[in-house]
Amino acid sequence: MELEIIDQKAREWLHVAAERIRASFQTNLSIDTKSGRNDLVTNMDKETERYFVEVIHEAFPSHRVFGEEGTADKVKDLKGIVWIIDPIDGTLNFVTQKRGFAISVAVYQDGIGQLGYIYDVEKDELYFGQKEQGAYVNGRRLDPVDPVSGLADHLLIANLSASRKYPILWEAIKASRGLRLYGAASLEYMAVATGRAGAYLSANLAPWDLAAGKIIAEEVGCIVKRLDQTEIDMLEKGSSIVALPQVYEELVKNYLK
Ligand code: IPD
Ligand code: CA
Ligand code: CA
């Protein structure tokens, strides 16, 4: 079965990429800015993406790769198998702290998320989800999320750009146990998938920020949508909410209408 081979290869490549990123801690990074002074890209972002593009194309010539750093294919549709890759999610954390960043890799087949991997390199934690087969961290199965606890029982993660567009979210934050922000969307998705936070809201994520996180989070029963409650189009940038079911209900009813 092709997915089994893809899974085996993806894990192999993730470990090689993570090892290279760890080795780069001892070297001088070359850092460039993109859209602004805090939108950074390093040689390791580019090298890691280039590595995945090369090994994927070599092993699976019919697969396409959709990635952040411009070394991947020009993907305009999700027909066939498309890998959606963020070589380093949380580059600002990578550059300033050498922690709190992840490699995010997702495999979509005809637009449906099949395999998702989020590798927290510094913690050596690999989150994995497979459609209808559950989610795992380092091989340990993740429990389904609590379906009944609500906003008052949980921390909220909210990107400030989301709260600028939806000022009422400050009221939601007050109604929660408090606000947290980690600076890597994929790991923020995993904070919700593991029940460490009730929801993560962001006004502007790219497909590679959330492609793997969506697969893993949905496997444990989280709701994943745009902030206007529509489905996410995996080819477009836009808002995102990942939430425990009851927290989602409360946020929609009281704050996101
Ligand atoms: C960013 C991080 C950040 C999120 C931004 C993303 P990058 O990804 O996930 O937490 O708020 O929207 O662009 O640039 O570090 O891969
Ligand atoms: Ca990212
Ligand atoms: Ca990135």
Side-chain angles (χ1 to χ4, degrees), residues 13-14 17-18 20-21 24 29-53 65-72 75 83-106 113 116-123 125 127 155-166 169 173 179-193 196-197 199-217 224 226-227 232-242:
W13 298 333
L14 278 160
R20 291 181 181 184
I21 292 172
S24 80
L29 290 173
S30 130
I31 305 169
D32 288 326
T33 54
K34 295 198 281 187
S35 61
R37 77 182 180 89
N38 290 325
D39 185 10
L40 305 181
V41 60
T42 74
N43 55 310
M44 288 316 296
D45 297 69
K46 292 181 191 158
E47 282 171 31
T48 303
E49 183 175 283
R50 208 175 295 122
Y51 167 69
F52 276 101
V53 171
V65 186
F66 190 26
E68 180 173 18
E69 306 301 349
T71 67
V75 171
W83 295 63
I84 306 180
I85 293 184
D86 193 339
I88 297 182
D89 180 42
T91 298
L92 208 45
N93 288 351
F94 170 59
V95 167
T96 58
Q97 310 181 63
K98 295 188 167 53
R99 67 180 68 184
F101 64 92
I103 308 171
S104 176
V105 171
Y117 307 83
I118 292 174
Y119 195 159
D120 181 330
V121 173
E122 186 266 335
K123 284 203 169 130
E125 278 178 349
Y127 294 91
L155 293 166
L156 266 194
I157 309 171
N159 190 311
L160 292 182
S161 57
S163 37
R164 271 206 298 273
K165 193 169 168 194
Y166 293 84
L169 282 177
I173 290 164
L179 175 67
R180 295 292 181 273
L181 248 188
Y182 302 106
S186 58
L187 295 177
E188 289 164 310
Y189 260 70
M190 293 305 93
V192 181
R196 285 178 276 129
Y200 163 51
L201 305 97
S202 177
N204 195 24
L205 291 185
W208 41 81
D209 294 321
L210 56 79
K214 181 172 188 287
I215 297 169
I216 301 168
V224 179
R226 296 284 191 212
L227 285 177
I232 289 175
D233 174 348
M234 224 20 103
L235 291 167
E236 298 288 339
K237 290 190 178 178
S239 67
S240 129
I241 173 170
V242 50

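As the structure is a computational prediction, the values presented were derived from the model and not from experiment. When a ligand or atom number is given, it counts from 1 through the structure's own listing order.
- Across all their heavy atoms, Tyr166 and Leu227 have their closest contact at CE1-CD1, 3.4 Å.
- Of all atoms in ligand 1, listed by their number and element, those nearer than 4.0 Å to a heavy atom of Leu205 are 12 (O).
- Applying the side-chain contact (heavy atoms from CB on, under 4.5 Å) test between Pro207 and each of Glu68, Lys214, Met234 identifies Met234 as the sole match.
- Residues Leu201 and Ile157 are not in side-chain contact: their nearest non-hydrogen atoms beyond the backbone lie 4.5 Å or more apart.
- Contact check for Leu210 versus Tyr200: no side-chain heavy atoms found under the 4.5 Å cut-off.
- Checking only distances, Thr91 does come within under 3.5 Å of ligand 1, N or O to N or O.
- Between Ile88 and ligand 1 there is a heavy-atom distance shorter than 4.0 Å.
- Distances from the Ca ion (ligand 2) to each N, O or S atom of Asp89 single out OD1 as the nearest.
- At a cut-off of 3.0 Å, Glu68 does not coordinate the Ca ion (ligand 2) through any N, O or S atom.
- In this structure, Lys34 places its NZ atom where more than 12 heavy-atom neighbours from other residues, nucleotides or ligands lie under 6.0 Å away.
- By the 4.5 Å heavy-atom criterion applied to side chains, Tyr119 and Val105 are not counted as neighbours.
- Close contacts of ligand 1 with Asn204, meaning ligand atoms under 4.0 Å from a residue heavy atom, involve 12 (O).
- The N, O or S atom of Asp86 lying closest to the Ca ion (ligand 2) is OD2.
- None of Thr71, Val65, Ile103 except one satisfies the side-chain contact (heavy atoms from CB on, under 4.5 Å) rule with Phe52; the exception is Ile103.
- No side-chain heavy atom of Asp209 sits under 4.5 Å from any side-chain heavy atom of Ser104.
- Of all protein heavy atoms, the one closest to atom 7 (P) of ligand 1 is Gly90 N, 3.7 Å.
- Looking at heavy atoms from C-beta onward, Lys98 lies out of side-chain contact with Glu122 at the 4.5 angstrom threshold.
- Contact analysis puts Gly183 in contact with ligand 1, with a non-hydrogen atom separation below 4.0 angstrom.
- As for Asp209, its N/O/S atom nearest the Ca ion (ligand 2) is the one called OD1.
- Protein heavy atom at the shortest distance from atom 9 (O) of ligand 1 is Asp89 OD1, 2.6 Å.
- With a 4.0 Å heavy-atom cut-off, ligand 1 is reached by no atom of Asp39.
- Atom 14 (O) of ligand 1 has its closest protein heavy atom at Glu68 OE2, 3.7 Å.
- Other residues, nucleotides and ligands contribute more than 12 heavy atoms inside 6.0 Å of the CZ atom of Arg196.
- Taking a cut-off of under 4.0 Å to the non-hydrogen atoms of Asp86, the atoms of ligand 1 that pass are 16 (O).
- Within the 4.0 Å heavy-atom criterion, the part of Ala184 lying near ligand 1 is the backbone and not the side chain.
- Checking Asp89, Thr91, Ile85 one by one against Pro87, the side-chain contact (heavy atoms from CB on, under 4.5 Å) holds for a single residue, Ile85.
- Less than 4.0 angstrom separates some heavy atom of Asn159 from each of these atoms of ligand 1: 11 (O).
- Near Glu188, meaning under 4.0 Å from one of its heavy atoms, ligand 1 places the atoms 10 (O).
- At a cut-off of 3.0 Å, Trp208 does not coordinate the Ca ion (ligand 3) through any N, O or S atom.
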